[in-house]
> 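Dumping the structure here so I can ask a few things about it.
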Amino acid sequence: MRQLTRTLSTSLLLAALTAADAGGQETSSRASTPRPMTFDDVIALRTVSDAQISPDGKWVAYTVTRADLEQNASDADIWLASTAGESPSRLTTHKKSDTSPRWSPDGWGIAFISAREEKPQIFLMSAFGGEPERLTEHKGGVRQIAWSPDGRSIAFIAEQEPTAEEEKRIKDKDDAIVVDTNYKFNRLWVLDVATRKARLLATGDAVANDPQWSPDGTRIAFSTTPTPRADDGSLSDLHVVAVSGGAPSMLVKNAGTDQSPRWSPDGTRIAYITSAGSDVRQSQLAMIPAAGGTPRLVAPDFLYQPNAPTWSSDGRTLYFGASVRTTTQLFAVPSAGGTPRALTDVRGVIGGGTMSRDGRTVVFTMSDPQRPADVHVATIGTGLLTSRQLTDHNLQIRDLALGKAEVVQWKSSDGMEMDGVLLRPVGYEPGKRYPLITSVHGGPAGAWTENFAAGWGSPGQVAAGQGFAIFYPNPRGSSAYGEKFLRANIRDWGAGDYRDIQTGIDALIARGIADSSKLAQTGWSYGGYMTAWTLTQTNRFKAVVVGAGLTDMYSMYATNDIPRALDGYFGAEPWNDTTEYRKRSAMTYIKNARTPTLILHGQVDLRVPVGQAQELYTGLRKNNVPVQLVFYPREPHGLQEPRHQLDKMKRENEWIRRWTLGGQAVLVP
């Protein structure tokens, strides 16, 4: 390993870090009596992510993101932790987000992407203190970065820069958009760190992504999609290009997704993630010679979907993460092929995973139902990993009374085995029935996990503090249960999956946990679809909240940005199978609806266009059902502005409490 260009004793290094941020991690004085969680507590939570271990395994750079209500934006900063356990320190303090920390190969510098300029750019700083230096001035903005093995260059992805004529047209507001023309592609560049000069490496009309250097630094593997359209996102292929220049060569092309290329240590093989088709199916771990050839599956019988792999230093093993039912675990599999073995068995969610150069140390983030994500470190051996927690960025949760979570299982109406997560109310008493909120996940190929339920999408811990039980079911069609389960709702939306959820609620009522007279349901995206569908199929709920929900599948198909996804589930376009699309639409049965409904929607949502919300609102209003429609300006499919996130949580809670408990809690100004 290359020696550091600067050396400091441990005491001097810690002094430098302390000077960089005297405050260290957030502090909290322990309250004598824990109190229920509030929506302000949810917004105040720090999100820890993207843990990157230094080459020597001694340090971890990672990001901490917080909501800035004053600026109405999220602000991410880069922090540094020692794997020996000393207190972490904050490396960047700018009010604009600093993300994607990546260690230089010698372990001295950290390159990162910062939004502090008009467009995101690459900055470089010492891990041991000092001001960051800007390395790029790219008009398109930088999106991803990767160091060359010798530390002299950085590959990066950036959007095509606008021409002078385009800039003038934008300035003059002469900016008519002709759909599906004049694409701006994300392209691959290489930056010389010493001279700050960048050159375009891949010039073709394709969207480049995820650059990965070969071990000898002569080639870069990357993935591409044919256009920037979201609907083409599942058509990714793999390419390799020589750093010296020339046209990229296609390494892998098939009908489905090929992504996340990772070079073997000797540069002869590339491991990657593949899917056999662009319809509804799981991805798998594959291998191909770096010079091209026939791909092979590494673990063809593995039940779950692997994330991007990491090679062991000797090239004999591949490590990867995968969602397993309501958890996320780490696995290892021989690179020659075989059966993966589990490295972890946690009741929680592991995020990411990067390894030291010698392959002995791994860092990742981990959360569980009682704790938000923080950075953990573990030593890789022959058995299960035993991790140590390195950071604690939400000490304030020790002052909060939290609900306890458990995995619940039941059989659906056709006998299929189901499970999900139940968050019990704070102070739960066996034998006492509680009002129940059922929260349906998006996707539909999402899955609820055993994580800390306190985000704008599902602030379950707040509701638990108010005396609600919260049910997070994983119906058929969810990921993390194998391909057969994933595909079980094809041409069956609103049927088997609907019954899975309702039988889960029935099971909680039968166990004496849920009060059948105080039921509510909520969901976002596909969860919004299922909630809109539910209110036209049953009147058992006192209140529902439809977030960014699909309501009319016929009109949804041609107005959203990923019609290919609906092709996979419905098997045809709506004009070629009108019956199926009408059969699966809530609007077809709108006259049956009686349940008070709150509709929430981003006003610039392309994934589920606003017409879906308007159709449901008009249908309910015309049929005299209590309904309220709320649009969030500037927001896409997921809410991004903290004030909107806070409003969504409060408004949803007020609606459910008003109609389910019979009283109105005025939580929204």
Side-chain angles (χ1 to χ4, degrees), residues 34 36-37 325-327 347-348 368-370 400-441 447-455 457-476 478 481 497-523 527 530-531 534-535 537-545 595-596 649 652-653 655-663 665:
M37 194 172 198
R325 305 180 76 87
T326 59
T327 69
R347 304 312 308 177
D368 62 37
Q370 297 297 300
L400 305 177
L402 301 174
K404 300 293 193 298
E406 65 173 285
V407 175
V408 291
Q409 298 176 326
W410 71 97
K411 287 187 177 181
S412 190
S413 57
D414 59 358
M416 186 178 285
E417 298 284 346
M418 296 289 149
D419 75 9
V421 178
L422 173 67
L423 182 61
R424 295 180 182 270
V426 173
Y428 171 77
E429 299 175 20
K432 180 180 178 180
R433 293 186 181 273
Y434 292 87
L436 179 74
I437 300 172
T438 297
S439 183
V440 185
H441 66 63
W448 289 121
T449 58
E450 295 173 70
N451 67 354
F452 191 66
S458 181
Q461 285 290 358
V462 176
Q466 297 175 346
F468 284 90
I470 303 91
F471 178 39
Y472 300 100
N474 286 332
R476 68 191 69 195
S478 302
Y481 293 85
D497 45 10
Y498 166 74
R499 293 191 295 270
D500 298 342
I501 296 168
Q502 300 309 310
T503 53
I505 296 170
D506 294 340
L508 296 178
I509 294 172
R511 287 179 56 185
I513 296 173
D515 184 339
S516 62
S517 68
K518 294 183 175 64
L519 302 178
Q521 182 170 307
T522 183
M530 186 54 64
T531 303
T534 296
L535 76 92
Q537 305 299 308
T538 179
N539 295 317
R540 74 187 306 193
F541 295 94
K542 297 297 183 182
V544 297
V545 181
T595 308
M649 292 188 291
E652 179 179 54
N653 182 266
W655 188 266
I656 290 173
R657 287 169 61 89
R658 178 197 306 178
W659 294 101
T660 304
L661 305 181

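All residue numbers in this chain count up from 1 along the given sequence.
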> Just to verify, what does F541 make a ring pair (Phe, Tyr, Trp, His ring centres under 6.0 Å) with, not counting sequence neighbours?
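None.
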> How would you list, by chain and number, every residue that makes a ring pair (Phe, Tyr, Trp, His ring centres under 6.0 Å) with F468, sequence neighbours excluded?
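Expected list: none.
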> For residues 426-440, which residue pairs pass the side-chain hydrogen bond (donor to acceptor under 3.5 Å, both in side chains) check, not counting sequence neighbours?
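Of all non-adjacent pairs touching residues 426-440, those that pass side-chain hydrogen bond (donor to acceptor under 3.5 Å, both in side chains) are R424-Y428.
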> Restricting to salt bridge (charged side-chain N to carboxylate O under 4.0 Å, His left out), what partner residues turn up for K542, sequence neighbours left out?
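None.
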> Could you list the residues that satisfy side chain to side chain donor-acceptor pair (under 3.5 Å) with Q461, not counting sequence neighbours?
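Here no residue qualifies.
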> Under the salt bridge (Lys or Arg N to Asp or Glu O under 4.0 Å) rule, what pairs show up with a residue in residues 498-507, not counting sequence neighbours?
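Non-adjacent pairs meeting salt bridge (Lys or Arg N to Asp or Glu O under 4.0 Å): R476-D500, D506-R540.
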> Please enumerate all residues that pass side chain to side chain contact (heavy atoms under 4.5 Å, CB included) together with N539, with sequence neighbours excluded.
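Listed in chain order: R594, T595.
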> Could you list all the salt bridge (Lys or Arg N to Asp or Glu O under 4.0 Å) pairs where at least one residue sits in residues 459-468, not counting sequence neighbours?
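Found none.
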> Looking at residues at least two apart in the chain, or sitting in another chain, which of them share a side chain to side chain contact (heavy atoms under 4.5 Å, CB included) with A454?
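Per chain and number, A454 pairs via side chain to side chain contact (heavy atoms under 4.5 Å, CB included) with M37, V42, L45, F452.
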> Does P36 have any side chain to side chain contact (heavy atoms under 4.5 Å, CB included) partners at least two apart in sequence or in another chain, and if so, which?
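For P36, no residue satisfies side chain to side chain contact (heavy atoms under 4.5 Å, CB included) once neighbours in sequence are set aside.
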> Check the side chains of T522 and E652 for a donor-acceptor pair under 3.5 angstrom, ignoring hydrogens and angles.
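Note: E652 and T522 side chains meet the donor-acceptor criterion.
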> Listed by chain and number, what are the side chain to side chain contact (heavy atoms under 4.5 Å, CB included) partners of N451, not counting sequence neighbours?
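With sequence neighbours excluded, N451 shows a side chain to side chain contact (heavy atoms under 4.5 Å, CB included) to V349, S367, T449, given in chain and number order.
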